[in-house]
Number of protein chains: 4
Amino acid sequence: MTPAGRPKSETARQAVLAAALELVVEKGYQALTIEGIAERAGVAKTTIYRSWPGKAAVVMDAVLSESNPRLTFPDTGSAREDLRLQVSRVVRLFTEPSFAKPFVGLLAASQHDETLADTLHEWLVKTRRAGAAEVLRRGVERGELRADLNIPIAIDALYGALYYRLLVSHEPLSPQYAERVVSEVFAGLQASKNSVSTGASTSGGTT
Amino acid sequence: MTPAGRPKSETARQAVLAAALELVVEKGYQALTIEGIAERAGVAKTTIYRSWPGKAAVVMDAVLSESNPRLTFPDTGSAREDLRLQVSRVVRLFTEPSFAKPFVGLLAASQHDETLADTLHEWLVKTRRAGAAEVLRRGVERGELRADLNIPIAIDALYGALYYRLLVSHEPLSPQYAERVVSEVFAGLQASKNSVSTGASTSGGTT
Amino acid sequence: MTPAGRPKSETARQAVLAAALELVVEKGYQALTIEGIAERAGVAKTTIYRSWPGKAAVVMDAVLSESNPRLTFPDTGSAREDLRLQVSRVVRLFTEPSFAKPFVGLLAASQHDETLADTLHEWLVKTRRAGAAEVLRRGVERGELRADLNIPIAIDALYGALYYRLLVSHEPLSPQYAERVVSEVFAGLQASKNSVSTGASTSGGTT
Amino acid sequence: MTPAGRPKSETARQAVLAAALELVVEKGYQALTIEGIAERAGVAKTTIYRSWPGKAAVVMDAVLSESNPRLTFPDTGSAREDLRLQVSRVVRLFTEPSFAKPFVGLLAASQHDETLADTLHEWLVKTRRAGAAEVLRRGVERGELRADLNIPIAIDALYGALYYRLLVSHEPLSPQYAERVVSEVFAGLQASKNSVSTGASTSGGTT
DNA sequence: GGCTAACCGAGACGGTACGTCCTGTCTTGAG
DNA sequence: CTCAAGACAGGACGTACCGTCTCGGTTAGCC
């Protein structure tokens, strides 16, 4: 009843994922090729196609197995501190080429591959948004954050700033930038008597 | 000294740009092909390569000549109103397939094409950021906005939210969304006695 | 000393041969595939490779077990009648798709596979040539045929005509054709009454 | 009105045909590969596919341009002599590897490729049969050959013997063989009062 | 009003990678 | 030790586009 048959080689799997990551970092996602991965991994092309439908799936697999455990949310009792920590972690990840290069490649590819977009969203976006939403909810409950806060939009603004730098302006991300984004979004734009400066630096370096 | 000879055909140029736009909308940027454009436009491949270095340049050219005039910044005397208007315009543009499809394609392509990234930034990002910065600067001067506002980061948050929806979460953009983003970013996150309700609804539909 | 283990499955063998024959007739020898046979026979590829070195061997096996008994030589007392009967049988065999298709495929394959050519010759050509030679020898002994007949060459001419139709001209074979070939080869080309065998002079000794 | 466009490169064509012939002779028709030809010829695979539908067509083209002019029929006034000369030429051609190897390969391939079979027949069989038929017809007119000769079958027997050796028995062909085939077919099998035995041995070497 | 040079369409060229198919070998687990 | 199942390395397939390169045939614009 059981299908039996030779089991897929874990060795081959590892070799493929490692080769894919190496090549993305070396040459970029666009220049990545199934044939290139196969050669580098010392594996037949067919072996790759047997396990993954295309290079996007390979890279996805490679990225997920390396990065997913690193983005848990803290719970320090302060929403602001929680966000600061989490945003810092994301920035750190976006800063490492071994994550950023494949990730940006996948985001680019997902613009014309709905399946990839869905998978990417499911694995790399959704859970983090849920974590952030939970942090904000706790903040509202504690009275730390505005009661009428539109949480999804707040998250869009916070994370949107990071993605904007990563994908659109290509300006460098830094730990300081993480701090400042949280500060500014916390404070809002409008002048307000009691809107005590939260200690965020006034110095407007964009980094 | 004078070159004599036949000038480039404006007819051909128009046909190429039109064909490129049509095809991007129909099939997507990724599926766009120089050969496809040539065929649709009734033009030789050579003619395209003579005027543009690749499909990115063609699409860029096509998009710019259609969209650039539509994004001037208003000056109503109220920073909030100015932003609201401008963000609405961007959202409207992002909503039209004839702009969004090629634009997203170009952004995706720019992730592995630095030249394209630079050009894109120069033409489609820089001037709008300058306009937004000017609006915020006026708001600060008028005392309407926080004096210690970090303007570039505020812009990242505002526009980042829009790009985030466009490129990452792929949730639909709408005029209402534009309003809410401006509201939330204006108000900031933290609870504050004087943080006068900006009138933004608490009901946080994400649309 | 006892072999132990499980004996080869006769069931599997039959299934493979049957499947091979079916597929050759349906799709042709060239389109025949070990994988195809395995699937049709409900058998693993390994099982086939364990018993045969390749598709040629399988088809050979299948063909031999069906056709070999059908080509015995008669001995009616008349060489002409013996040949006529035997040639008719060969024609009939060449006319049945279930023999002709695999046979022609094997002949084609044997052009680039010496082992196959040898086996094929051994099993499907040699014994029939021996039979034909015997018939002719008897005819010569009886005085029914020319005393200086070059038997191998006579056989080449007789059977060559059949193979020529089968492999080269692809004109249809028929019982009538069999009769006529025998008639013509018997009669020779030259006008008969005064026909001094002029050819005998050219054929010197054995080469 | 004329399509213009860059004309096909005669250089490339020659290189492809030469490479194909070389490789057939070296490795055999079966082992011939479009990729192999492309590499040997220093040409892109696509260039080959642009001009020929497959390796059969390439080899065909190569063989025809080399061998066709060599097989004209003589007219000496004697049918027997004409046939002897022509059969000798065919034997000589079948003996040269640079013709025999590709030719046999094509014949093998034509067993499962009707288009190829037709083309092959058209170019390499039909005209020679026509020539032979003409020779025989003249012989009949002159009274040199039997009046009731079945010409197509006589040709089948004559040429069939050659093809039989080439494709089936794989026994070597030789000029002497050509002579003997003509002799035997001329003489016929049956004993005849006037068919004086010249004393030549009946045991013909099979060579 | 004729020259003439650059432009045009067409399409062949050397390449690269695609995703598929089949080869013959191997590795399992069940019988 | 055999079997069904199926993964493995490898090789070739025929296709789609790439960007470059000839070709004739057509237009301008200046003589």
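Hydrogens, waters and symmetry mates play no part in the numbers below; they use all other heavy atoms, side chains included. Labels below follow one simple rule: chain letters A, B, ... track the order of the sequence lines, proteins then strands, and each chain is numbered from 1.
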Quiz prompt | Candidate nucleotides F/dC8, F/dA28, F/dC3, ranked by approach to the side chain of C/R50 - the nearest | solution = F/dC3
Self-check item: Listed nucleotide nearest any side-chain atom of C/A12, set E/dT28, E/dC8, F/dC3
Solution: F/dC3
Quiz prompt | side chain to side chain contact (heavy atoms under 4.5 Å, CB included) between B/L167 and A/V168, intermediate numbers included | solution = CA-CA 10 Å; B/L167 301 173; A/V168 182; 4.3 Å; yes
Quiz item: Which residue lies toward the 5' end of DNA chain F, C/E10 or D/Y49, if each is placed at its nearest nucleotide?
Solution: C/E10
Exercise. Could I get the full list of side chain to side chain donor-acceptor pair (under 3.5 Å) partners for A/K45, not counting sequence neighbours?
Key: A/E35
Exercise. State whether the distance check finds a donor on one side and an acceptor on the other, under 3.5 Å, for side chain A/K45 versus base F/dG10.
Key: no
Exercise. Specify the closest pair of heavy atoms between D/K55 and D/Q30, including all atoms of both residues, with the distance to one decimal.
Key: NZ-O, 3.2 Å
Self-check item: Residue C/T46, side-chain atoms from C-beta onward, closest of E/dT28, E/dC21, F/dG6
Solution: F/dG6
Exercise. For C/R40, enumerate each residue passing the side chain to side chain donor-acceptor pair (under 3.5 Å) test, keeping only those at least two apart in sequence or located in another chain.
Key: C/E22, C/E26
Practice problem: Would you check, one step at a time, whether the test side chain to side chain contact (heavy atoms under 4.5 Å, CB included) holds for A/D118 with A/W123? | Solution: CA-CA 9 Å; A/D118 291 348; A/W123 286 97; over 6 Å; no
Taking distance alone, no hydrogens or angles, what donor-acceptor pairs closer than 3.5 Å link side-chain atoms of residues 97-110 of chain A to residues at least two apart or in another chain?
from   : atom 1 : to     : atom 2 : distance (Å)
A/S110 : OG     : A/L107 : O      : 2.7

Quiz item: What about B/R6, does its side chain sit under 3.5 Å from the base of F/dT26 through a donor-acceptor pair?
Solution: yes
Quiz item: Which residues within residues 51-59 of chain A lie with some heavy atom under 4.0 Å of an atom in DNA chain F?
Solution: none
Exercise. Not counting sequence neighbours, which residues clear side-chain contact (heavy atoms from CB on, under 4.5 Å) with C/A44? List them please.
Key: C/T46, C/T47
Practice problem: Would you check, one step at a time, whether the test side chain to side chain contact (heavy atoms under 4.5 Å, CB included) holds for D/L32 with D/V58? | Solution: CA-CA 11 Å; D/L32 190 67; D/V58 177; over 6 Å; no
Quiz item: Below 4.0 angstrom from OP1 or OP2 of F/dA4, is there any side-chain N or O of C/T47?
Solution: yes
Quiz item: Among residues 21-44 of chain C, which contact DNA chain F at a heavy-atom distance under 4.0 Å?
Solution: C/G42, C/V43, C/A44
